[in-house]
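Residue numbers begin at 1 in each chain, while the letters A, B, ... track the order of the sequences.
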Amino acid sequence: MNNRPKSTHWADITAEKIIREKGDKELYTCASGITPSGTVHVGNFREIISVDLTVRALRDMGKNVRFIYSWDNYDVFRKVPKDMPKQEEMAKYLRKPIVLVPDFLDGEESYARANEKRLEKLLPEVGIYPQYIYQAQKYRNSDYADGMKTALQNRDVIRRELNGSRTSDLPDDWWPISVFCSQCDKDTTTVLDWDGEYGVHYSCECGNDETVDMRKTPWVKLPWRIDWPMRWAYEGVDFEPAGKDHHSDGGSFDTAKLTCKEVYNHEAPVTFQYDFIAVKGRGGKMSSSAGGVVSLAEVLEVYQPEIIRFLFAGTRPNSEFSISFDLDVLKIYEDYDKCERTYFSKPENDKQMKKWEKEARIYELSQVAEVPTEMPYQIQIRHLTSLLNIYAGDIDKVIESLGDVKPSQIERLKRRCQCAWNWCRDFAPEDFRFSINDENSELLEVTDQERLVLQKLNKVVDENLGKVTEKEFGVMVYDIARELEMETTVMFPLVYKAVIGKDNGPRLVSFLSTIGPYKLRKILNRY
RNA sequence: GGGCCGUUAGCUCAGUCGGUAGAGCAACGCCCUUUUAAGGCGUGGGUCGUUGGUUCGAAUCCAACACGGCUCACCA
């Protein structure tokens with residue numbers, strides 16, 4: 001026996017590492033969190049799903065796991081996001097905790113809550129169910145009073161630790177806590193003294209000057225670099241990944257790790273660094289201030305939930321990748337389908353088995369809920385967009401036209417249709433959009449020979465389409481060109497023009513047979 | 001300045017227990033009487049950034065260097 005991982009998937013390797021470093025435990029706590037100071041974008045989502053995948057890996061090893069997600073809604077509101085209305089109104093709330101900023105968009109109880117809700121609603125769609133912890137509630141309830149007291153008691157230790165990675169030392173009168181003013185709600189305060197227990201004396205720029213008891217007041221909190229390790233200890237966190245901005249030498253993970261051990265007497269969690277997500281085919285970079293953020297909701301418009309999971313499960317966390325809205329979307333769907341086919345086909349030999357295991361693991365982790373026991377209905381997304389255009393986005397009709405969809409496959413397929421249609425409408429190149437003409441469409445001005453082509457085509461469609469094989473029908477279509485001694489490069493654009501009002505379109509023969517004789521006759525009869 | 005990541009086919013990348021160099025796209029070719037956007041099959045193509053080291057054997061491990069990117073040194 002050895003400790004060799006059964007799987008070489010990064011989530012399984014991470015899970016093994018957690019067990020190895022934290023020992024065999026009754027319960028493992030995996031954590032993630034973010035400040036809801038703006039739209040939670042897909043870059044932030046990477047952390048959540050990284051934890052989810054690791055949690056699943058641990059559970060697959062039979063472990064009991066708690067997945068906590070911290071909403072840091074007691075952080076200071078420091079910048080009005082550019083994409084928000086009522087900028088001046090919002091600016092009045094700067095330096096107050098985010099939980100006190102009103103929501104001018106949806107009328108939620110607070111701006112923080114609005115951002116939180118948008119994500120909380122969506123996570124179940126991608127199969128993620130964390131236990132949410134709201135930091136404002138924890139702080140206001142004085143749950144961290146002892147944690148803050150510990151920080152104050154270790155003021156010098158913490159200062160030394162932080163100074164280790166600062167360019168200028170913290171001043172002598174620095175305190176490891178921050179206070180929101182009980183009168184004006186802002187953090188424009190200065191801590192003046194601490195009584196050695198729970199009493200903190202502060203003054204505020206607004207003129208307020210008072211001493212509060214951390215056990216009874218909702219106004220005191222820890223600054224980030226101390227807050228983080230305090231909560232690791234408080235919740236007993238075993239695993240928490242972090243973005244590369246936290247993971248440099250001297251970054252917050254670095255100092256938090258020190259503080260966690262020396263002040264809170266708890267080993268820092270196992271971690272890894274994840275890279276950022278770029279956005280492609282939509283323009284702009286993803287940064288809250290630049291306003292180019294892409295939310296999970298927007299990604300879900302174009303990608304099926306399992307394909308979003310696939311994207312993250314199939315990429316190592318420490319490498320950067322793009323969420324694409326351009327033609328890459330087609331490729332990603334195809335990659336997913338290929339992975340799915342692999343999962344449902346038995347490997348033939350040992351060498352293939354190794355590859356298969358890796359693919360299969362990615363497929364499993366990509367699933368929102370249980371892994372399907374039979375192969376889902378596969379249809380090339382490119383073809384699907386054509387069908388959707390033909391049926392003008394009527395998904396039920398598209399599925400009906402396929403004819404061989406099992407009831408158990410319908411739900412997933414519908415979702416794929418919806419995503420494909422959204423993509424077609426909102427992101428795809430113009431080539432991917434067309435609509436079938438009908439008896440009311442504008443008539444083409446045609447030469448006598450062109451009219452003859454359309455008439456012959458009409459006759460072929462009328463007499464044969466649907467009655468002979470597509471191959472036979474194809475021969476007949478090409479025969480028209482031959483008979484009239486016309487190049488297909490001349491004939492086809494004419495047909496496309498008559499049928500969809502464009503110079504080109506999907507491969508003609510199969511396209512015509514998909515449209516079917518009924519619709520085609522209506523168009524061609526008029527020539 | 002510190003740290004992290006990357007450098008493999010024309011392009012995008014996979015290859016993480018060291019064991020004959022891989023995929024997709026592109027190119028080229030073939031098939032379905034068929035280049036107009038949905039098919040199938042095949043072919044070509046790489047001194048694996050550079051130099052050195054460990055090893056029977058290195059894309060893979062180690063060291064140095066080059067180039068590229070990100071990040072920290074304010075705050076969260």
Side-chain angles (χ1 to χ4, degrees), chain A residues 2-5 7-10 13 33-35 37 72 74-79 95 98 135 162-168 170 178 187 221-228 242-256 272-276 278 280 288 314-322 324 327-328 330-332 334-335 338 354-355 358-359 379-387 389-390 428-434 469-479 481-482 487-496 500 502-511 513-514:
Chain A
N2 56 34
N3 284 335
R4 199 170 86 197
S7 153
T8 55
H9 192 276
W10 63 261
I13 290 170
I34 195 182
T35 305
S37 59
D72 298 338
Y74 212 42
D75 287 352
V76 187
F77 184 54
R78 49 181 44 257
K79 206 159 64 179
R95 308 212 57 175
I98 308 170
Q135 293 307 328
L162 295 184
N163 281 345
S165 41
R166 291 176 64 93
T167 42
S168 59
L170 291 162
S178 65
D187 73 339
K221 77 183 288 273
L222 291 169
W224 165 246
R225 281 185 186 244
I226 307 162
D227 173 69
W228 206 13
K244 63 203 294 187
D245 48 340
H246 294 297
H247 261 291
S248 287
D249 243 27
S252 51
F253 194 94
D254 219 32
T255 59
F272 61 67
Q273 173 183 312
Y274 57 87
D275 209 319
F276 296 149
K280 201 170 157 241
S288 315
T315 312
R316 283 194 309 274
N318 66 355
S319 62
E320 185 180 319
F321 74 95
S322 305
S324 298
L327 289 169
D328 287 358
L330 304 176
K331 183 181 186 308
I332 290 160
E334 279 163 25
D335 288 349
K338 189 177 177 189
K354 200 172 170 184
K355 259 188 177 174
K358 185 132 193 172
E359 288 288 302
I379 178 169
Q380 279 213 338
I381 193 133
R382 206 182 183 101
H383 184 198
L384 188 54
T385 60
S386 288
L387 291 176
N389 276 296
I390 290 170
E430 211 270 323
D431 287 354
F432 284 83
R433 287 186 293 275
F434 59 82
T469 64
E470 187 176 306
K471 191 176 167 185
E472 288 164 337
F473 173 69
V475 172
M476 295 172 192
V477 172
Y478 278 87
D479 280 345
R482 207 186 320 279
E487 293 294 327
T488 54
T489 50
V490 177
M491 174 183 156
F492 283 11
L494 171 69
V495 178
Y496 287 121
I500 57 174
K502 295 170 68 168
D503 290 330
N504 50 38
R507 286 199 142 195
L508 191 64
V509 170
S510 50
F511 185 48
S513 67
T514 307

Can you tell me the distance, in whole Å, between the CG atom of A:Asn318 and the P atom of B:G6?
6 Å

Judged by each residue's nearest nucleotide on RNA chain B, which is more toward the 5′ side, A:Thr385 or A:Lys338?
A:Lys338

Give me the distances for all protein-to-nucleotides 40-42 of chain B N/O pairs that come in under 3.5 Å?
none

Taking the six-membered ring for Trp, are the ring centroids of A:Phe511 and A:Phe492 within less than 6.0 Å of each other?
no

Can you sort out the partners of A:Asp503 under side-chain hydrogen bond (donor to acceptor under 3.5 Å, both in side chains), two or more places apart, ordered by chain and number?
none

In B/S/- notation (B base, S sugar-phosphate only, - none; protein heavy atoms under 4.0 Å), nucleotides 71-76 of chain B written 5' to 3' is BSSSSB

Which residues satisfy the salt bridge (charged side-chain N to carboxylate O under 4.0 Å, His left out) test with A:Arg166, sequence neighbours excluded?
none

Under the side chain to side chain contact (heavy atoms under 4.5 Å, CB included) test, which residues partner A:Ile34, sequence neighbours left out?
A:Asn44, A:Tyr69, A:Trp71

Could you work out, with side-chain hydrogen bond (donor to acceptor under 3.5 Å, both in side chains) as the rule, every residue matching A:Arg95, not counting sequence neighbours?
A:Asp187

Can you work out whether A:Asp335 or A:Ser510 has the more 5'-proximal nearest nucleotide on RNA chain B?
A:Asp335

Under 3.5 Å between N/O atoms: give me all the protein pairs with nucleotides 11-14 of chain B, atom names plus distance.
none

Could you run through RNA chain B and flag its stems, i.e. three or more consecutive Watson-Crick or G-U pairs with both distances under 3.5 Å?
B:1-7 with B:66-72, B:10-13 with B:22-25, B:27-31 with B:39-43, B:49-53 with B:61-65

Which residues pass the side-chain hydrogen bond (donor to acceptor under 3.5 Å, both in side chains) test with A:Ser513, not counting sequence neighbours?
A:Glu470

Sequence neighbours excluded, which residues qualify as side chain to side chain contact (heavy atoms under 4.5 Å, CB included) partners of A:Ser252?
A:Trp224, A:Arg225, A:Trp228, A:His246

Would you give the length of the straight line joining atom CD1 of A:Ile381 to atom CG of A:Leu387, rounded to the nearest 0.5 angstrom?
11.5 Å

What residues form a side chain to side chain contact (heavy atoms under 4.5 Å, CB included) with A:Met476, not counting sequence neighbours?
A:Val460, A:Asn464, A:Val468

Identify whether any heavy atom of A:Ser37 sits under 4.0 Å from a base atom; if not, whether one sits that close to sugar-phosphate; answer base, sugar-phosphate or nothing.
nothing

Could you tell me whether a side-chain N or O of A:Arg433 sits under 3.5 Å from a main-chain N or O of A:Ala428, the two making a donor and an acceptor?
yes

Within the structure shown, what part of the strands sits under 4.0 Å from A:Gly505 by heavy-atom distance: base, sugar-phosphate, or nothing?
base

A:Asp254: side chain to side chain contact (heavy atoms under 4.5 Å, CB included) partners, not counting sequence neighbours
A:Asp249

